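What follows is a short report on a single structure.
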Amino acid sequence: MSILNKFKPLQASYDALRAAGGDPFSVCFDEVLSPSEALSKGKRMILLGTNNYLGLTFDPASIDKAVEAVRAAGTGTTGSRIANGTYGDHAELERRLATFYGRRSAMLFSTGYQANLGILSTIAGRGDHILIDADSHASIYDGCRLGHAEVIRFRHNDPKDLARRLRRLRDVPGDRLIVVEGIYSMLGDTAPLKEIAAVKRDWGAYLLVDEAHSMGVLGSGGRGLSQATGVEDDVDFIVGTFSKSLGAVGGFCVSNLPDFDVLRVACRPYMFTASLPPSVVASVLQALTRIESDSALRDRLHMNANRLYDGLTAEGFILGPQPNPIVSIRMPSTEIAIAFWNALLDAGIYLNLALPPATPDNYPLLRSSVSAAHRPDQIDEAISAITSIGQSLGVIEPPARRAVR
Amino acid sequence: MNAQHQVAEIIVEMISSLPQAPREVSLDTNIARDLGLDSLAVMNFVMAIEDRFDVSVPMDKLAEVETIRDLADVITDLKGR
């Protein structure tokens, strides 16, 4: 007997996955050539699953700022924000984020995951109620588990179910916090935020929107779904990440609540971890300037996303409900999903294999994320590889049969 | 018949109408194991139960539920709140 015996069933599933060929958990890029290409085992791959929405990981200005900062301030802060880990640039980035969102305050976290962990576990306390969308990201579930509030799930993107659950709480004391995401990471669908904001107002709840996949992607200024749907005033907390459109790592929360800054001395995932290194803060500051000033990046991203979404739809694949930079292809079974993913790797296309129970509706998914940095010919190459593998695995019908229908 | 029994009876009835339901469903039936439901299916099933009784089962309470009896106890408790 071993303390690890409880993982035997998980080990068995993992072994089965590895037996089928490549292993999604150990894909290794030996050399990253650009935001859209890398070498893996000597083979050139098109990167179609890296959440690098604006392609800013190799932005020359961001790299220059990061290099300047690492030379000026060193490789790391070696301390938490409440000890020695607050530098001028941390405070500057917080001011810039607050200004970007037009809010009073902003707090940095060392990852996006920690931002949700910290904010959710702290702002809702014992006797409060958190209502989360059932398809929420793991960081939202984990943030809820770390805190002491009562957690209730509502049906994915269903404002009526949310309202029903708030009604059931009508005579119960405590604050209510609704948590939704701008773009959901598995299917790329957006929350019905206008309707959810109306429910929030009806029931006097607070609203938190995780804009991890929608910051820099949606809204005319890149402020996410809250901006795109015109409900920014109803959103009490916006959580986001620097590891997607901003091309680095880190997380944040912005808010207009007057006493928000008290969280700096209450929020343990903020207080007891090392702060972001100076190079990261510097590149994020630069990337933020870029997304504020260059809306052409967003236009290019959506052009590419539509090209992939429309191209795959035309070939007969079943995709998520909306054309967004996350384009997910529904697979008929786990076996076919694994074979498909491996065949794509062999064909030089990297995307994400998503298996139940991490996926909604229990269907395995091939999840891709498009970047503004993709060239149209890379998107077309991906469509053609996906189509030919899809035909040979029977996921879509061959063209001849489709033509006569 | 007490409230817990009535609730349990309705849950058993709802389970028996599931396509994968075993022939014998009792208070001791383990929801995940005996019904062959994965975590997602359990959640969908619980949401149907929540609608039927007009309650929301908080996640920490749900984590403690293994059998139909456990679920009936939680629902009865929430109804009595």
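What you see is a predicted model, and the numbers here were worked out from it, not measured in a lab. The chains referred to below are lettered A, B, ... by the order of the sequence lines, with proteins before strands, and numbering in each begins at 1.
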Quiz prompt | Chi angles and distances behind the side chain to side chain contact (heavy atoms under 4.5 Å, CB included) call for A:Arg153, B:Met47 | solution = CA-CA 9 Å; A:Arg153 285 185 289 204; B:Met47 282 191 162; 4.1 Å; yes

Electrostatic pair A:Arg165-B:Glu50, nearest N-O below 4.0 angstrom = yes

In terms of heavy-atom contacts, A:Ile152 and B:Pro58 come closest through CG1-CA, 4.2 Å

Taken to the nearest 0.5 Å, the spacing of B:Leu78 CG from A:Arg168 CZ works out to 10.0 Å

Heaviest contributor of heavy-atom pairs below 4.5 Å to chain A, chosen from B:Asp60, B:Asp51, B:Val57, B:Asn44, is B:Asp51

If you count every heavy atom of other residues, nucleotides or ligands that lies below 6.0 Å from A:Phe237 atom CZ, does the total exceed 12? yes

Within a 6.0 Å radius of atom CZ on A:Arg18, are there more than 12 heavy atoms belonging to other residues, nucleotides or ligands?
yes

Honestly, the part of B:Val55 sitting under 4.5 Å from a heavy atom of chain A is backbone

Applying a strict 4.5 Å limit to non-hydrogen atoms, the region of A:Asp161 in contact with chain B is side chain

CG (A:Leu162) and OG (B:Ser56) are apart, to the nearest 0.5 Å, by 10.0 Å

The complete set of side-chain hydrogen bond (donor to acceptor under 3.5 Å, both in side chains) pairs with one or both residues in residues 64-78 of chain B, sequence neighbours excluded, reads B:Gln4-B:Asp73, B:Asp28-B:Arg69, B:Thr67-B:Asp70

Taking every heavy atom of A:Arg155 against every heavy atom of B:Ala48, the minimum-distance pair comes out as NH2-N, 3.9 Å

(message) Taking atom NZ as the centre, does B:Lys79 end up with more than 12 heavy-atom neighbours from other residues, nucleotides or ligands that are less than 6.0 angstrom away?
(response) yes

If one checks every heavy atom of A:Tyr141 against chain B at 4.5 Å, the contacting part turns out to be side chain

*Can you establish whether the number of heavy atoms outside A:Tyr113 located under 6.0 Å from its atom OH is more than 12?*
yes

* Count the heavy atoms of every other residue, nucleotide or ligand shown that sit under 6.0 Å from CZ of A:Arg167, and state whether that count exceeds 12. => yes

